[in-house]
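Because the structure is predicted, anything quoted here is derived from the model rather than measured. As a basis for the values below, the full set of heavy atoms in this structure was taken, side chains included, without hydrogen atoms, waters or symmetry mates. The chain is numbered in sequence order, starting from 1.
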Amino acid sequence: PLALALLMRIFSSGFVVAAWILSLLAQGVNAALMPLVSRRFFDNALPGLVAAISVIVFPVYQLCPAWDAMYSADLLMLCVLVLCSSCGKRPSAIGLLAGILFLLNPVAGLILTVFAVWILADQRPGLTFTLTAVAVFIAVLLPWTIRNYREFGRLVPLRDDLGLALYTSNNP
């Protein structure tokens with residue numbers, strides 16, 4: 001929201017232009033991260049480079065505004081790269097990234113959680129490390145959960161639009 005407001009102020013042409021710019025930036029970040037993730041998983045950047053070129057030549061995502069999908073994909077790739085780097089050795093980094101990703105898109109957060117559990121099982125960092133990562137994760141989710149409890153009068157720990165999705169998919 002802050003970046004969108006800043007772009008709207010700079011270009012003074014409103015929401016649509018700012019949303020296009022953010023969407024283009026997100027697609028650029030997505031294409032730039034693909035070779036890095038490919039190198040991390042396959043020890044070869046070529047599959048990621050081919051994927052990045054394909055995304056550039058044949059855009060898969062709509063330019064305006066593909067909020068959830070593109071930003072979630074970008075953040076998920078960044079999280080995977082951080083978890084595989086030296087920063088991934090810090091429990092606070094793991095908890096923070098997982099919490100932010102869960103707030104943005106719970107499904108992408110679930111993917112990251114499975115990946116983090118795989119890394120933790122492989123490295124076996126110990127109980128203190130794992131509990132610290134979980135505590136930071138909960139601390140990131142806590143403000144939104146409190147807000148939801150105050151707003152809805154019941155516990156809703158994450159963003160939830162199941163009711164709206166069911167309503168819109170079952171109506172013309």
Side-chain angles (χ1 to χ4, degrees), residues 1-10 14-30 32-33 37 60-121 123 125-171:
L2 182 61
L4 188 61
L6 181 63
L7 286 171
M8 287 172 63
R9 169 119 27 227
I10 291 171
F15 173 79
V16 175
V17 172
W20 272 70
I21 291 169
L22 282 179
S23 188
L24 286 171
L25 286 172
Q27 285 193 8
V29 168
N30 192 280
L33 289 174
V37 171
V60 177
Y61 299 104
Q62 296 176 349
L63 284 179
C64 185
W67 299 117
D68 247 349
M70 186 59 67
Y71 298 131
S72 297
D74 288 352
L75 188 57
L76 181 60
M77 285 193 284
L78 280 171
C79 289
V80 165
L81 289 172
V82 167
L83 284 176
C84 292
S85 73
S86 61
C87 287
K89 311 286 188 253
R90 297 185 197 145
S92 56
I94 293 172
L96 179 68
L97 290 172
I100 291 170
L101 192 57
F102 255 93
L103 288 174
L104 182 63
N105 186 332
V107 174
L110 184 61
I111 294 167
L112 180 67
T113 301
V114 170
F115 184 71
V117 167
W118 175 66
I119 290 218
L120 291 173
Q123 295 176 355
L127 186 61
T128 305
F129 184 96
T130 305
L131 289 177
T132 304
V134 169
V136 171
F137 171 74
I138 290 171
V140 170
L141 294 181
L142 195 58
W144 187 253
T145 305
I146 292 169
R147 176 253 177 218
N148 284 347
Y149 187 78
R150 286 184 179 166
E151 195 69 29
F152 302 120
R154 64 185 182 102
L155 184 65
V156 182
L158 296 172
R159 187 180 67 159
D160 184 14
D161 64 347
L162 177 64
L164 178 64
L166 287 174
Y167 177 78
T168 58
S169 65
N170 291 317
N171 285 300

| request: Nearest 0.5 Å please: distance from the CG atom of Leu33 over to the CG atom of Asp74. | output: 6.0 Å
| said: Quick one, Leu97 and Leu101 - any side-chain contact, counting heavy atoms below 4.5 Å? | reply: no
Considering only distance and modelled atom types, tabulate donor-acceptor pairs under 3.5 Å from the side chains of residues 128-145, sequence neighbours left out.
residue : atom : partner : partner atom : Å
Thr130  : OG1  : Gly126  : O            : 3.0
Thr132  : OG1  : Thr128  : O            : 2.7
Thr145  : OG1  : Leu141  : O            : 2.9
Thr145  : OG1  : Pro157  : O            : 3.1

| field | Rounded distance (nearest 0.5 Å) linking atom CD1 of Ile146 with atom CG of Leu155 | value | 10.5 Å
